[in-house]
Amino acid sequence: MSTTTMTPEQRVSKVFEILQTGNRKEHVSGKMTQLDHALRVAQLAMNDDADEETVLAALTIDIGHLVSPSMVNADRDFYIYYRLTDMAGNTSDIDHGRLGADYLRQLGFSSKTCELVESDVMTRRYLSTVNPQNFVPPLTGPVGHITYQPSSLSPIEMRDFEKDPLFKQKVQIRKWSDTAANTTEVKPPVLDTYRDMATRNLLMSMKTLY
């Protein structure tokens, strides 16, 4: 079914089906599944009274790890080189944020949610530059996983990023993500908790377009 003929509810179901596949894929921390991590990031956002667009971005921050480049219509040439594969068949995402955001955009999610998702790798680079000694991204997964270590930002890139209107939200989501990767004590809410929120996000976005 084409995305142009899908109802908002069907689009949300499509995204949730993809997130659900994360229940079969281990998070790079080695402590939980991708789905469990997504739910924990969203829970932290809810606990901090984040707005709905930010909570939804927290929930889908790593959806690019689960989306195939063939599912995205934009930037085909970029996605040809999107994944690196080692001899064992393990894949490493160069910029899963961009892939995930492009997928959410083509479904019609709000520009704020998509921009927050897209910034994941850039924000990790920013935090690594700010505090290279103490900031350790949760990328030490099981043996055999390829680890992508972000490069530092230049002073100009640092200033530009700090001027971003969504700078605080981008940094906060990255911190929630890192915290969630090491939090296993409390069971997070189920995925359907966020269904109505995701539908409202789509309806709001579609209303601004027409």
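Note that this is a predicted model, so its numbers are computed, not measured.
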Answer whether the closest heavy-atom distance between the side chains of Y194 and L19 falls below 4.5 Å.
-> no
For residues R125 and E157, report the shortest heavy-atom separation together with the two atoms involved.
-> NH2-OE1, 3.8 Å
Within one Ile-Leu-Val-Met-Phe-Trp-Tyr cluster: L153 and I173, side-chain cutoff 4.5 Å | no
Heavy-atom closest pair (V55 atom, M197 atom, distance to 0.1 Å) is CG1-SD, 3.6 Å
L104 versus T60: any side-chain heavy-atom pair under 4.5 Å?
-> yes
Please check if the side chain of Q43 supplies one atom and the backbone of A180 the other of a donor-acceptor pair under 3.5 Å.
-> no
Determine whether I61 and L59 fall in the same hydrophobic cluster, where Ile, Leu, Val, Met, Phe, Trp and Tyr are linked whenever their side-chain heavy atoms lie under 4.5 Å apart.
-> no
How far does CG of L99 sit from CG of L66, to the nearest 0.5 angstrom?
-> 10.0 Å
Could you verify whether a donor N or O on one side chain and an acceptor N or O on the other, from R195 and S13, lie under 3.5 Å apart?
-> yes
Aromatic rings F161 and Y126: how do their planes relate, parallel, tilted or perpendicular, breaks at 30° and 60°?
-> tilted
Could you state the interatomic distance from OG1 (T199) to CD (E9), rounded to the nearest 0.5 Å?
-> 5.5 Å
Would you name the heavy atoms of I18 and V67 that are closest together and state the gap between them?
-> CG2-CG2, 4.1 Å
So which heavy atom on D62 is nearest to which on S177, and how close?
-> OD2-OG, 4.4 Å
Begin with the C-alpha distance, continue with both residues' side-chain angles, and end with the deciding distance and a verdict on side-chain contact (heavy atoms from CB on, under 4.5 Å) for K170 and M122.
-> CA-CA 9 Å; K170 290 177 178 181; M122 175 63 80; over 6 Å; no
Contact check, side chains of D120 and T123, non-hydrogen atoms, under 4.5 Å = no
Report yes or no: do F16 and V72 belong to one cluster of Ile/Leu/Val/Met/Phe/Trp/Tyr joined by side chain heavy-atom distances under 4.5 Å?
-> yes
Under a 4.5 Å side-chain heavy-atom rule over Ile, Leu, Val, Met, Phe, Trp and Tyr, are V41 and M32 clustered together?
-> no
Is the count of non-hydrogen atoms from other residues, nucleotides or ligands lying under 6.0 Å from M46 atom CE greater than 12?
-> no
With the threshold set at 4.0 Å, does a side-chain nitrogen-carboxylate oxygen contact exist between K175 and D178?
-> no
Single-linkage hydrophobic cluster, 4.5 Å side-chain cutoff, V12 and L56 together | yes
Got F109 and C114 here, is their nearest side-chain heavy-atom distance under 4.5 Å?
-> yes
Do L39 and K187 touch side chain to side chain, with heavy atoms closer than 4.5 Å?
-> no
Looking just at side-chain N and O atoms, do D36 and H27 make a donor-acceptor pair shorter than 3.5 Å?
-> no
What are the two closest non-hydrogen atoms of A58 and A45, and how far apart are they?
-> CB-CB, 3.9 Å
CA sep, side-chain torsions, deciding dist, call: E53, S110, side-chain hydrogen bond (donor to acceptor under 3.5 Å, both in side chains) = CA-CA 7 Å; E53 288 178 287; S110 73; 2.8 Å; yes
Give a yes or no answer on whether the side chain of R40 reaches the backbone of T183 with a donor-acceptor pair at less than 3.5 Å.
-> yes
Do L35 and Q20 come within less than 4.5 Å of each other through their side chains, counting heavy atoms only?
-> yes
CE of M6 to CZ of R11: how many Å apart, nearest 0.5 Å?
-> 6.5 Å
d(S154 OG, D160 CG) to nearest 0.5 Å is 8.0 Å
Can you tell me how far the OG1 atom of T33 sits from the NZ atom of K25, to the nearest 0.5 Å?
-> 11.5 Å
Do K112 and Q169 have side-chain heavy atoms sitting under 4.5 Å apart?
-> yes
4.5 Å side-chain heavy-atom contact, I156 and R159 | yes
Minimum-distance pair of heavy atoms, taken over all atoms of L202 and P8 | CD1-O, 3.4 Å
Can you tell me how far the CG atom of L191 sits from the OG1 atom of T193, to the nearest 0.5 Å?
-> 8.0 Å
Derivation of the side-chain contact (heavy atoms from CB on, under 4.5 Å) call for M158 and V130 | CA-CA 9 Å; M158 292 279 288; V130 169; 3.6 Å; yes
Audit row: D164, E115, side-chain contact (heavy atoms from CB on, under 4.5 Å) steps and yes/no = CA-CA 11 Å; D164 189 318; E115 185 176 343; 3.6 Å; yes
